[in-house]
Amino acid sequence: MCGITGWVSYDRDLAAEATVLDAMTETMACRGPDDRGTWAEGPAALGHRRLAVIDLPGGRQPMSARTPGGTVALVYSGEAYNFTELRRELADRGHRFTTDSDTEVVLRGYLEWGDTVAERLNGMYAFAVWDGRHDKLVMIRDRMGIKPFYYHRTPDGVLFGSEPKAILANPLARPRVTQDGLRELFTMIKTPGHAVWDGMREVAPGTVVTVDRSGPSTRVYWRLETREHTDDRDTTIATVRDLLDDIVRRQLVADVPRCTLLSGGLDSSAMTALAARQLAERGEKVRSFAVDFAGQSDHFVPDELRGTPDTPFVHDVARHAATDHQDIVLDAETLADPAVRRQVVRARDLPSGFGDMDASLLLLFRAIRDQSTVALSGESADEVFGGYLQFFDEDARTADTFPWLVRARRHFGEDAGVLRPDLAESLDLEAYIADSHRTAVAEVRRLDGESDFEYRMRRMCHLHLTRFVRVLLDRKDRMSMAVGLEVRVPFCDHRLVEYVYNTPWALKSFDGREKSLLREATADVLPRSVYDRVKSPYPSTQDPLYARALQQQVKDLLAQPSHAVFGLVDRERLRAAADDGAALGGQAARRGLERALDLAHWLDLYSPELVLD
């Protein structure tokens, strides 16, 4: 796992631009604390920061190969979980390897198959290849968008990086956000290819972007496609289990300490239990970590989102699977620390508005990083197997919009509720969401003979797997890589995603509950308490000290009337929320304060040029 960046400029020799390349590369230091490297030749320059996970001495980057037609150089972030099989195939084809790293396998794979190497990879990855034989840059991103990847066109080429901050370190990229960027920022959609920053784009998941002297071109090598599912229930459950066993086995491979993230929900518990069983066969014990909040288990108050605290279920799994477990307990003061909020905003390059859930994730990962380098997560199982409450909410099912927005508005209010009314009117977020929704559902092919209900649920699953999951994957990547921790997501294996997506909803919920297939496929490794547990979202602190700290920080912000945040935020609404302590018992008011504070930190850190008309 690493941070990558680079620059292609057809009108200059980039060997003379070492200072700028170094600046771009160093923005990725948190993603790669173990090593750094740069490479430049003619119009191309590549930078790399390394988090060493496989072949610690041999996987240095940028990695290059001399050919009769020119140099081919690679910077690569991620893991290819099938690299050993590909290595054998390439060796049979005459390739000779000098390292044991998956990076060299990807480089040799490109030399053998060109950009179609992407279709042979199983894993999470974002990589760029400068092909000196044809003077072109090839950028490839994994199918599900697990690893981030951005690029920015210039008059004579392109800039790229794992994160926008790497691109923004180059003087050719201006930190500018237009109204279109603000629309994306204030809607929880993650439009494929959209990057918020003006002039910047994401390499869309499952896509190859090639840049030559004529500019960029795009090829989609994978998309979520509709196929008929003919397996019966027992076969489907058995297939899911076989896939999970293979996926977990592959993703446990590492040359550094590894662990699991355990929340006590079905997803992380199943993944942890499978990992524990496999490691036990080798005489090893899995390490597991969970986040908790000081006093929360003793004073937990059920609400519409969370009916039970996580900790009792976490401990049930830890005992049942015999893990080496540790709770990471956070207090309100640490969660509310402005320095932590700034670190979150810096890690994400944007004001996300996830508040304490981002802060707690960052702090959890930081604590884990002291003991492990790789962690397996249960992220994305809800999108794959249909686990969210909106899948069972008739209003969300039938709404002509993104289903998660229906429930989010019910519990948290409008995401843009803190905006100045005139700006909100100008942005017209409802029209933006409606246009985005029409585009998204148009991608879904209906099976011949598929009922209206099954087609509606297929569309709902597709929206979660191509829009919503990417919000959470980006969050997971940024918070983990901000502290140099690699988080792997077994439920994003494209084989599992393709198979389960095409199972009818009647099979996904055959017992009337969420994630029926996952529950039955892993029933033999789960404690009964987790098997019976109802879905509970990622935890959020209930400590009133956290809300009071937010109020005080917002009052401090209001005492700076010239702060740039008031070009976006309605001062009087914010003042009313900060003064009304009772209102902070609700999630909507608290989230509004968190969003305003995030915006203020973002403006301080990036000083973006905002184009508001």
Side-chain angles (χ1 to χ4, degrees), residues 2-6 8 46 74-82 106-107 109-110 113-131 134 136-154 157-164 166-167 184 189-197 199-212 214-226 380 383 436 439-445 462-474 476-478 489 492-495 497-498 501:
C2 307
I4 65 173
T5 191
V8 171
L46 307 177
L74 168 77
V75 280
Y76 169 80
S77 169
E79 303 291 347
Y81 302 124
N82 63 334
V106 174
L107 176 60
Y110 177 83
W113 299 302
D115 67 29
T116 64
V117 66
E119 292 146 50
R120 297 171 178 266
L121 297 176
N122 175 297
M124 54 180 188
Y125 45 85
F127 62 93
V129 179
W130 171 252
D131 191 335
H134 308 288
K136 68 180 182 180
L137 180 75
V138 179
M139 298 180 286
I140 298 177
R141 191 176 181 197
D142 66 67
R143 295 169 179 83
M144 291 295 289
I146 304 167
K147 302 311 297 176
F149 202 176
Y150 296 83
Y151 68 99
H152 186 294
R153 291 189 67 177
T154 65
V158 69
L159 310 169
F160 70 85
S162 293
E163 297 178 2
I167 294 169
E184 183 72 12
I189 297 171
K190 202 78 170 73
T191 303
H194 207 300
V196 177
W197 297 97
M200 203 177 294
R201 298 284 294 169
E202 277 192 326
V203 177
T207 297
V208 178
V209 176
T210 300
V211 179
D212 58 22
S214 63
S217 61
T218 298
R219 179 177 75 84
V220 176
Y221 71 89
W222 184 87
R223 58 170 53 90
L224 197 58
E225 294 182 343
T226 299
S380 307
E383 290 81 4
S436 297
T439 299
V441 297
E443 299 171 5
V444 188
R445 185 176 71 84
H462 194 280
L463 292 174
H464 280 82
L465 287 166
T466 60
R467 300 303 192 275
F468 188 62
V469 75
R470 291 170 186 168
V471 174
L472 301 182
L473 288 173
D474 188 71
K476 182 83 71 179
D477 176 87
R478 300 302 189 88
V489 279
C492 276
D493 185 291
H494 71 278
R495 299 168 299 162
V497 171
E498 291 171 344
Y501 169 66

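Glu79 CD to Asp142 CG: the interatomic distance, rounded to the nearest 0.5 Å, is 12.0 Å. In this structure, OG1 on Thr210 lies 8.0 Å from CE on Met139, to the nearest 0.5 angstrom.
With sequence neighbours excluded, the residues that form a side-chain contact (heavy atoms from CB on, under 4.5 Å) with Glu202 are Arg141, Tyr150, Lys190. Arg223 meets the side-chain contact (heavy atoms from CB on, under 4.5 Å) test with Val220, Glu225; sequence neighbours excluded. Remark: Trp113 engages no residue in a side chain to side chain donor-acceptor pair (under 3.5 Å) (not counting sequence neighbours). By the salt bridge (charged side-chain N to carboxylate O under 4.0 Å, His left out) test, Asp493 pairs with Arg495, sequence neighbours left out. Every residue was checked against the salt bridge (charged side-chain N to carboxylate O under 4.0 Å, His left out) condition with Arg445, not counting sequence neighbours, and none meets it. Partners of Asp212 by side chain to side chain donor-acceptor pair (under 3.5 Å), not counting sequence neighbours, listed by chain and number: Ser214. With sequence neighbours left out, Ala118 forms a side-chain contact (heavy atoms from CB on, under 4.5 Å) with Ile140, Tyr221. In terms of the side chain to side chain donor-acceptor pair (under 3.5 Å) criterion, His152 has no residue partners (sequence neighbours excluded). Contacts of Ser436 classified as side chain to side chain donor-acceptor pair (under 3.5 Å), with partners at least two apart in sequence or in another chain: none. The ring pair (Phe, Tyr, Trp, His ring centres under 6.0 Å) search around His462 returns Tyr501, not counting sequence neighbours. Qualifying side-chain contact (heavy atoms from CB on, under 4.5 Å) partners for His134, counting only residues two or more places apart in sequence or in other chains: Asp131, Lys136.
Nearest heavy-atom pair across Pro216 and Val209 is CB-CG1, 4.2 Å. Taking each heavy atom of Cys492 and Ser380 in turn, the nearest pair found is SG-OG, 3.1 Å. Counting all heavy atoms, side chain and backbone alike, Ala204 lies closest to Gly193 at CB-N, 4.3 Å. In terms of heavy atoms, Pro164 sits closest to Met200 at CB-SD, 3.6 Å.
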Please report the C-alpha distance between Arg143 and Leu224 in whole Å, then the side-chain angles of each, then the deciding distance to 0.1 Å, and finally whether the side-chain contact (heavy atoms from CB on, under 4.5 Å) criterion is met.
CA-CA 9 Å; Arg143 295 169 179 83; Leu224 197 58; over 6 Å; no
For the pair Glu119 and Val208, evaluate side-chain contact (heavy atoms from CB on, under 4.5 Å) and give the outcome as yes or no after the intermediate values.
CA-CA 10 Å; Glu119 292 146 50; Val208 178; over 6 Å; no
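Between Glu498 and Trp222, the closest side-chain pair of non-hydrogen atoms falls below 4.5 Å. Counting heavy atoms from C-beta outward, Val75 and Trp130 have side chains that stay 4.5 Å or more apart.
Put simply, the residue from Val469, Ile146, Asp477 that forms a side chain to side chain contact (heavy atoms under 4.5 Å, CB included) with Val489 is Ile146.
Looking at Asn122, its side chain never comes within 3.5 Å of a backbone N or O of Asn82 through a donor-acceptor pair. Between the side chain of Ser77 and the backbone N or O of Gly3, no donor-acceptor pair lies under 3.5 Å. Panel note: side chain Thr5, backbone Phe160; a donor-acceptor pair is recorded below 3.5 Å. Remark: side-chain polar atoms of Glu383 are not paired, donor with acceptor, to backbone N or O of Phe468 under 3.5 angstrom.
Among pairs with a residue in residues 463-472, those fulfilling salt bridge (charged side-chain N to carboxylate O under 4.0 Å, His left out) read Glu443-Arg467, at least two apart in sequence or across chains.
The aromatic rings of Tyr125 and Phe127 lie tilted to each other, with the angle between the two planes from 30° to 60°.
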